[in-house]
Amino acid sequence: MKEFFVKFNLKDDEYLTALRLAAGAVAALKEIDLDTAEDFKVCVTESVLILKNCGFEEVGITFNTLGGVLCTVEGIGGQPKEGENELSLALISALMENCAIERSGDIIERVCLKIC
């Protein structure tokens, strides 16, 4: 697998469980150790919650396995605004060595997570 894409409406919270399973499956493909895979699943989920808090209507998640495991979580549509995300951001930065938060002004639009 080189790339896997998932998109869903943020009103549909039940897709978070499916997303966690997908993140775990992608990590397993690259034989990532269990603890790192669990941290990765948490961070993917928190990234989606960040974009939901920022007022996006949908989220698009791309997993890429070239050169490690890369996950890009991007907000789509809605009425984006600055959201209360300090706890989620602290959790992601504590669990992931390689992460990038992309903003437009004060609005978080994209979260990129990478496991080498």
Compile the donor-acceptor pairs under 3.5 Å between side chains in residues 32-39 and protein atoms, sequence neighbours left out, one pair per line.
unit_1 : atom_1 : unit_2 : atom_2 : d
D33    : OD1    : D35    : N      : 3.3
D33    : OD1    : T36    : N      : 3.0
D33    : OD1    : T36    : OG1    : 3.1
D33    : OD2    : T36    : OG1    : 2.8
E38    : OE2    : K41    : NZ     : 2.9

Return the minimal non-hydrogen interatomic distance between [X] and [Y], and the atom names on each side.
X: E102; Y: C112; answer: OE2-SG, 3.8 Å
X: L91; Y: E46; answer: CD2-CG, 3.7 Å
X: S93; Y: A90; answer: OG-O, 3.1 Å

Are [Y] and [X] linked, directly or through intermediate hydrophobic residues, by side-chain heavy-atom contacts shorter than 4.5 Å (ILVMFWY only)?
X: V44; Y: L70; value: no
X: M96; Y: I101; value: yes
X: V111; Y: I107; value: yes
X: L95; Y: I50; value: no

Without swapping roles, check the side chain of K114 against the backbone of C71 for a donor-acceptor pair under 3.5 Å.
no

Would you say the side chain of C116 lies within less than 4.5 Å of the side chain of N98, judging by non-hydrogen atoms?
yes

Please tabulate, for side-chain N and O atoms in residues 53-63, each donor-acceptor pair with protein atoms closer than 3.5 Å (sequence neighbours left out).
unit_1 : atom_1 : unit_2 : atom_2 : d
N53    : ND2    : L49    : O      : 3.4
N53    : ND2    : N85    : OD1    : 3.0

Is E97 atom CD crowded by more than 12 heavy atoms from other residues, nucleotides or ligands, each under 6.0 Å away?
no

Quick check for you: to the nearest 0.5 Å, what is the distance between N64 atom CG and T72 atom OG1?
8.0 Å

Could you tell me the separation between the OG atom of S47 and the CD1 atom of I92, rounded to the nearest 0.5 Å?
3.5 Å

Which side-chain N or O atoms in residues 6-24 pair as donor and acceptor under 3.5 Å with protein atoms at least two apart or in another chain?
unit_1 : atom_1 : unit_2 : atom_2 : d
N9     : OD1    : K11    : N      : 2.8
D13    : OD1    : K52    : NZ     : 2.7
D13    : OD2    : K52    : NZ     : 3.2

Set out, in order, the CA-CA distance, both residues' side-chain angles and the distance that settles side-chain contact (heavy atoms from CB on, under 4.5 Å) for L89 and I108, then state yes or no.
CA-CA 11 Å; L89 291 169; I108 296 172; 3.9 Å; yes

